[in-house]
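Each remark here refers to the structure printed beneath this line.
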Amino acid sequence: MASAPHTTMRRALRREVAGTIGLLADEDDFAAMRRYRTFTFDDHETYLRQAEGLLRTLASGGGHTTIALFDPEEYEEYCADTGLDPDAPASRTRFTAELAATGPTVPYDGRPLRDLLPDLVDEAVRQVTWEYATMLLARQGNCAVCGEDIGRDAFSRASELLVQLLDTSGPGTRHLVCSVPTAPETLLATLHVTRDTAGNTALDETDALEFTTVLAVGIATHSAGGLVMRTTTEGAPDRVQGWRLHGERLEPLTAAEVFDAYCTDTVSGDLVAPESGVDYCAAPPIGDDEPEGGHRH
């Protein structure tokens with residue numbers, strides 16, 4: 001009888017423990033893990049069903065679980081660096097714990113995995129984009145003319161441009177997309193912003209940091225980047241505006257240019273029917289305080 005209170009306490013403590021599951025999201029990653037003897041799953045679909053069942057069980061007990069993207073190549077490198085045996089469940093557990101601290105994760109909220117996995121993949125892409133953009137800024141070094149850190153200066157300028165951009169319209173919800181072509185592929189960042197009638201602005205600080213970093217890469221590398229903003233206001237059509245990055249300023253696109261960009265298939269080049277309830281509008285210039293010559297020092 002004395003063990004009953006201890007069992008109850010252990011169950012209570014278990015509800016206080018947060019967990020992380022490292023998930024193999026696609027079949028190629030799953031196939032790569034099958035080379036390990038201790039990885040006993042044979043079928044990816046069965047594996048996902050079992051993982052979803054475990055997540056539901058943990059949630060029903062009041063536990064909080066996050067899902068991390070398990071990358072077999074990163075796992076192999078981790079084991080080589082730490083001297084762990086990759087063919088051991090304990091090694092996979094330690095790697096998953098590292099993912100929980102440093103890698104992309106999403107909380108399990110009861111949705112089916114087929115709905116959660118795209119969010120997890122998007123989160124992983126966002127993190128890789130931000131890390132790559134940060135690396136590109138760090139590589140710029142110092143300006144040969146003024147000695148200033150080019151990456152830091154570009155980030156400061158990008159922050160100014162974002163503030164000016166958000167001040168171009170009144171209350172409403174704005175969805176911004178910034179694209180900057182780099183090798184090997186284009187960097188993309190998105191930002192969702194709401195502003196109330198009192199002028200208070202709400203946004204996710206991490207998203208804002210990533211967005212500003214990508215815009216800063218365009219400034220630092222003199223890239224032909226671009227930015228689109230869609231504004232939604234109650235009782236009015238959505239407004240779409242666009243800018244091209246020119247030096248340290250955002251040069252406005254005309255209404256016709258925005259319409260062409262939105263209503264042209266990027267793969268085939270064919271025309272696409274415009275959305276109903278959307279106005280394609282000319283945009284104001286952003287960053288006209290840039291000094292002549294494009295350098296601020």
Side-chain angles (χ1 to χ4, degrees), residues 102 104 123-170 174-195 199-231 240-254 257-258 261 281-297:
T102 62
E123 186 65 27
V125 171
R126 282 179 51 193
Q127 180 164 320
V128 169
T129 298
W130 180 77
E131 290 175 351
Y132 182 59
T134 301
M135 179 194 69
L136 288 177
L137 286 181
R139 284 182 174 178
Q140 299 305 309
N142 296 333
C143 175
V145 176
C146 65
E148 292 289 339
D149 185 302
I150 295 174
R152 185 170 57 212
D153 188 61
F155 186 88
S156 177
R157 180 57 175 172
S159 300
E160 294 173 2
L161 293 179
L162 179 57
V163 170
Q164 293 180 40
L165 191 67
L166 297 180
D167 284 338
T168 59
S169 57
R174 275 159 283 182
H175 185 74
L176 295 87
V177 179
C178 180
S179 61
V180 173
T182 63
E185 57 188 33
T186 298
L187 295 178
L188 287 173
T190 62
L191 182 62
H192 192 76
V193 183
T194 59
R195 174 170 287 184
N200 300 310
T201 299
L203 52 77
D204 184 282
E205 292 185 1
T206 300
D207 290 350
L209 174 61
E210 294 167 355
F211 189 93
T212 305
T213 303
V214 169
L215 180 56
V217 168
I219 294 171
T221 59
H222 306 286
S223 172
L227 193 150
V228 172
M229 181 171 72
R230 181 169 183 149
T231 303
V240 177
Q241 297 169 299
W243 295 260
R244 63 174 60 89
L245 187 58
H246 182 77
E248 294 188 356
R249 64 189 292 270
L250 291 170
E251 188 175 86
L253 299 181
T254 65
E257 288 173 322
V258 175
C281 308
I286 303 293
D288 272 349
D289 57 326
E290 179 192 20
E292 186 177 350
H295 194 76
R296 303 170 67 224
H297 300 288

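These numbers come from the heavy atoms of this one structure, side chains and all, not from hydrogens, waters or symmetry mates.
Taking all atoms of both residues into account, the shortest heavy-atom contact from S179 to T186 is CB-CG2, 4.0 Å. Between A216 and A158 the shortest heavy-atom distance is N-CB, 3.7 Å. Residues A133 and V217 approach most closely at O-CG2, 3.4 Å, considering heavy atoms. Here the closest heavy-atom approach between residue A283 and residue G242 is recorded as CB-O, 3.6 Å. The two residues I150 and A220 make their nearest non-hydrogen contact at CG2-CB, 4.0 Å.
Rounding to the nearest 0.5 Å gives a distance of 11.0 Å between CG of L250 and CZ of R244. Taking CD from E131 and OG1 from T129, the interatomic distance works out to 9.5 Å, rounded to the nearest 0.5 Å. Atom-to-atom distance recorded for L245:CG and C178:SG is 7.5 Å, nearest 0.5 angstrom. Between the CG atom in L203 and the CZ atom in R174 there is a gap of 10.0 Å [rounded to 0.5 Å]. The structure places CZ of F211 at 7.0 Å from CG of L165, a figure rounded to the nearest 0.5 Å. Taking CD1 of I286 as the start and CE of M229 as the end, the distance is 7.5 Å to the nearest 0.5 Å.
I219 places a side-chain heavy atom less than 4.5 Å from the side chain of L161. Considering only heavy atoms from C-beta on, P285 comes within 4.5 Å of R249 through its side chain. For the pair V214 and L188, the minimum side-chain heavy-atom distance is 4.5 Å or more.
Q241 is linked by a side chain to side chain donor-acceptor pair (under 3.5 Å) to nothing, counting only residues two or more places apart in sequence or in another chain. Partners of T190 by side chain to side chain contact (heavy atoms under 4.5 Å, CB included), not counting sequence neighbours, listed by chain and number: H175, V177. For R152, the side chain to side chain contact (heavy atoms under 4.5 Å, CB included) partners at least two apart in sequence or on another chain are D149.
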- Task: Could you check R139 against T221 for side chain to side chain contact (heavy atoms under 4.5 Å, CB included), going step by step and ending with a plain yes or no?
- Result: CA-CA 10 Å; R139 284 182 174 178; T221 59; over 6 Å; no
- Can you list the steps and then say if F155 with T134 is a side chain to side chain contact (heavy atoms under 4.5 Å, CB included)? CA-CA 10 Å; F155 186 88; T134 301; over 6 Å; no
- Task: Take V240 and V228 through the side chain to side chain contact (heavy atoms under 4.5 Å, CB included) test and state the conclusion after the steps.
- Result: CA-CA 7 Å; V240 177; V228 172; 4.0 Å; yes
- Message: Please determine whether side chain to side chain contact (heavy atoms under 4.5 Å, CB included) holds for the pair V180 and L215, giving the CA-CA distance in whole Å, both sets of side-chain angles, and the decisive distance to 0.1 Å.
- Response: CA-CA 7 Å; V180 173; L215 180 56; 5.7 Å; no
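If you check the side chains of Q127 and E123, you find no donor sitting under 3.5 Å from an acceptor.
Using modelled atom types, one side-chain atom of R195 and one backbone atom of L166 make a donor-acceptor pair closer than 3.5 Å. No donor-acceptor pair under 3.5 Å is formed between the side chain of E210 and the backbone N or O of W130. For the pair W243 (side chain) and P284 (backbone), a donor-acceptor distance under 3.5 Å is present.
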